[in-house]
Chemist: 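Could you have a look at this structure, given as structure tokens, before my questions?
Residue numbers begin at 1 in each chain, while the letters A, B, ... track the order of the sequences.
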Amino acid sequence: MMQAVTALLGAVLTVAACYALGTLLLDRLAIVLRRAEQFPLSFVLGASCLHLAVFAILTFHVAYWPVLVTLLVLSIAAVAWKRAWRLRGPAKRRLNSGMDPLSMQLKIVWSVIFALFTAIYLATAWAPEMSPDGSGYHLGFVARYLREHGFVFIPNNFYSSLSEGVELLFIPAFAIGRHSAAALVHLGFFISCCLAIFAYGRRIGKPWAGAAGSLFFYLSPVVGIDGSSAYIDLGVAAIVFGCFYFLEIWDSGDSPAALVPVGLLAGYAFAAKYTAFTILPFALLWIALKARKWKPVVYVAALSLVMAGPWVAKNVVYTGNPAAPFLNSTFRNPYVHVLFEQEYAQLMSRYAVENKWTLPLEVTIRGDKTTGVIGPLFLLTPLALLSLRFREGRKVLLCGLFVLAPYLLNVGTRFLIPALPFFSLALAMALANAPPLLVLLLVFHAWASWPSSHPKFASSATWRIWRVPYKEALRKIPPDRFLRTYDSGYVVARMVEEHVPKGERVLAFGGIPDAYTTREILVSFQSAFNQWLSDTMNVAWIADWQPTVLRSLKFPARRLRRIRVTQMGKGDFDHQWQIHEVRFYSKGMELTRKPEWRLTASPNPWEIQLAFDNNEATRWRSWQAAAPGMHVDVDFGSPVDVDEIDIETSMDDFPHVQLRAETADESGAWMKIDGEVQTSARKVKTNLRRAATNEMHLRGVNYLLIADGDYGAADFHGDPEIWGLKPIAKAAGSTLYEVVPPEAPAK
Amino acid sequence: MIPVAFGPVILGAVFLTSCQTMPETYAPPVQRQPFENFRPYRELLLVDLGTLDADSHIVRDIPKDAQGSWRWTGQHPAVQVSLRSVMGVTYVIDFSLADATLKDTGPVTITFDVNGHELGAARYSAPGPYHFENAVPSEWVEAGKQTIVGASIDKMWVSPTDGVKLGFILTHLGLRQEEKDSSQSDAQTSQSDAKK
């Protein structure tokens, strides 16, 4: 029960601190809000401020829980001292002016539905956290930053380069109440977004539209489960809608200073999720059209940098790529392969949906391919066009389109969430003159979204709330028991925690809930290092990937200091150029590799040593489509005689590879060396499996986690001894192996 | 008003500083020593009755949820395993005969089978641990499908007190598969199958 209390305390303190800071800033700016707007807009604005404070704490490595708690308490105390929560002067006079009064029927319908679903969401968020990304990387990084008391560079997980504006609010909550406290903070964003939509309807004189629109959004199944988990999408939705709302306040002429929150929230949207940056161009466009001056436009753009800038700077400092983990072909770096980014983008834009025209049905009804549904109600979204007859409808829809614009980059259902408030509102606005119809739609939507109802048209595998875990929320069922029953990933994470010594790293082919282990999991696709290390493991058992092909470049003996192997063929999308080993010969004798040699390559210079390590299991790969001009260079340090270059590669080297040798003259210009290329078969000399795990060991990775469903699992399980692996634990279909270091040669 | 209009200039500067210079060149790394003279890859598809994982392989006549490193069998115990290829497959069984049961039943004959094909049989008259293995004809098995590996005892011991019937004590049952080429796995996967 104590855990339940601390979780709630952590969340309440964090939400209260956000609200307090927002209230202080609004008071300072003398922005007049109506009562219904007070909580949602103050909270979201304060969240942006608190996120900056936590960013500073993490930067200076003082993220100890007393510091974080003091920050929260001081924020709350400041608002109490300033009495900023009390509406004064014009604010008090205009408490509800401009707000249409609510009818009793509307109050009852809205309150009952809102209360019922809030209870469900509260129980879900309060229960032990087990959402895939929430207990994976969102809270994994939160826990790691708290362990390290600040930001740390995490080169082996590209997710750490994404902006984490919402996660930073999880930091103080997590420090007090652990995982569930973070999910409850996210629920705070969710509720505030719903209340903001409701208030917006009243502000524009369409209370039924606000009421129905807010509930269309609030009840949506994927929104419900996401908003009750330690995700960030509802944070993004609340920030984006808050930004839009302050624009409306500025546009109404109530508060010229509302441009400050507009700028801050537009920047905070980027800080929360890159794809939410589109609210900034929308805001700038609106301001430009309305003000007909460039100064407020520049002012808002600059303000947005206050929130977004630190994240860009963090990436520059850590990775050299301001847009990390994207744009790796422009800002080249050793942390993310170009090809990975391309493949990942392709995967995210498609999921398993082959025909994009089926997306509307997939995201509203089926949901098994795109993970979750927004509900069948949203099949009526085209009706939202009827709201174009209102000025507010046009604004809402236009903003919705801006926010929706990046959706096709990632067609997962939850990526619709930031734009959903706008389309919910527009749909309700379109039917605002028919309250009975809105009520009917609400009842249907509530039925289709209710946890225990299983509409026949919905997939049974989709991501949504299926039950109300109130016993788990109150910890009447111990969290460990609950998680072991329902979350196999948790079982694996705890197995890793128990069997892997502190400070050791684990290579895995799939992710596990990082938030439940303190050991670093190197997931095969999450960084360049993990990717080539996993590639090495795969080379060891996949015949076509093994160095059974020899390409020999033979030419009349030359005395030279620098030599280059240039590739002139063009490969398709995923056709890479790859080299296991490069060897140089003179009169049939291999030149011994010397420390004074200098190696480089283009592209991917960072991994060129893999082609010169005498390990047949490792290979240098271009990690982007093969293209003419790619090259590997060696500077021998002094002139040497060379008449042959041998390149050991594999069957899966791209089919149109064309190689030539070049040497540099005294001016540094490269000249072709005339010769011939011969391709032949070669025999692998080493035990590749053992060589692969030995490479892991040499790189400081001594544990391997293999799930039964992993690609190649049977090979590891079949003969661990020849791999140099010792199985040390098995749970929930995953086996944990320890690398047995090779015996040192006898002295 | 703070001079936030300088913001875009600052951001531009940040982007410019991020135009990385390419890295230094690298020296050859420490040379790895090849792992030569290694034994062939042997895929053990052997069900170890001492592990919880064993239950998922049991087909018949072996109790599930049992503890310890061995289990009593019924008359026709069998497990199933999945092969990736059909070459170089060997039947393997480790079992024991108990003195107490053998006294009552007398010598027993145990027959070993794969997918219903009899691979061999042996008569045992003394108690103790036994190991049996024999090559499996490739036509008896199919790659990618479950293979039923079993054994049968001709005489069961019947408890005089409660009528419980016991066969023999089983510790391991399954297959082993060895690669053909000493330097390579026979579980080779073609490029078209492999995920890059």
Chemist: Could you give the distance from CG (A:Asp613) to CZ (B:Arg32), rounded to the nearest 0.5 Å?
Modeler: 5.5 Å
Chemist: Identify which part of A:Leu698 has an atom lying under 4.5 Å from any heavy atom of chain B, answering side chain, backbone, both or neither.
Modeler: side chain
Chemist: Kindly give the heavy-atom pair with the smallest separation between A:Gln609 and B:Pro29, and that separation in Å.
Modeler: O-CG, 3.6 Å
Chemist: Keeping to residues at least two apart or across chains, list the ring-ring contact (aromatic ring centres under 6.0 Å, His included) pairs with something in residues 145-166 of chain B.
Modeler: none
Chemist: Given a strict heavy-atom distance threshold of 4.5 Å, which part of A:Lys295 is in contact with chain B: side chain, backbone, both, or neither?
Modeler: neither
Chemist: Could you please spell out the steps behind the side chain to side chain contact (heavy atoms under 4.5 Å, CB included) verdict for B:Gln31 and A:Thr592?
Modeler: CA-CA 10 Å; B:Gln31 298 297 287; A:Thr592 305; over 6 Å; no
Chemist: Using a 4.5 angstrom heavy-atom cutoff, name the option from A:Asn614, A:Asp719, A:Val260, A:Asp635 with the most pairs to chain B.
Modeler: A:Asp719
Chemist: Hey, does the Lys NZ or Arg CZ of A:Arg689 hover above the aromatic six-ring of B:Tyr41, less than 6.0 Å from the centre and inside 45° of the axis?
Modeler: yes
Chemist: Of all the heavy-atom pairs spanning B:Pro28 and A:Pro595, show the shortest one and how long it is.
Modeler: CD-O, 4.2 Å
Chemist: Show every side chain to side chain donor-acceptor pair (under 3.5 Å) that has at least one partner inside residues 129-141 of chain B, sequence neighbours left out.
Modeler: B:Asp94-B:His131, B:His131-B:Glu133, B:Glu133-B:Arg176
Chemist: Quick one: do B:Glu36 and A:Asn687 satisfy side chain to side chain contact (heavy atoms under 4.5 Å, CB included)? Show the steps, please.
Modeler: CA-CA 6 Å; B:Glu36 294 166 332; A:Asn687 172 0; over 6 Å; no
Chemist: Using modelled atom types and a 3.5 Å cut-off, is there a donor and acceptor pairing between side-chain atoms of A:Thr686 and backbone atoms of B:Phe35?
Modeler: yes
Chemist: Counting heavy-atom pairs under 4.5 Å with chain B, which one of A:Ile722, A:Leu599, A:Asn615 comes out on top?
Modeler: A:Leu599
Chemist: Specify which of A:Glu616, A:Lys594, A:Glu596 makes the most heavy-atom pairs with chain B at under 4.5 Å.
Modeler: A:Lys594
Chemist: Between A:Glu695 and chain B, which part of the residue has a heavy atom less than 4.5 Å away: side chain, backbone, both or neither?
Modeler: side chain
Chemist: Using the rule given for side chain to side chain contact (heavy atoms under 4.5 Å, CB included), can you reason through A:Thr600 versus B:Tyr26, listing the C-alpha separation, both sets of side-chain angles and the distance that settles it, and then say yes or no?
Modeler: CA-CA 6 Å; A:Thr600 190; B:Tyr26 300 90; 5.7 Å; no
Chemist: Which bit of A:Asn694 comes within less than 4.5 Å of chain B, counting heavy atoms only: side chain, backbone, both or neither?
Modeler: side chain
Chemist: Please round to the nearest 0.5 Å and tell me the distance separating atom CZ of B:Phe38 and atom CD of A:Glu721.
Modeler: 13.5 Å
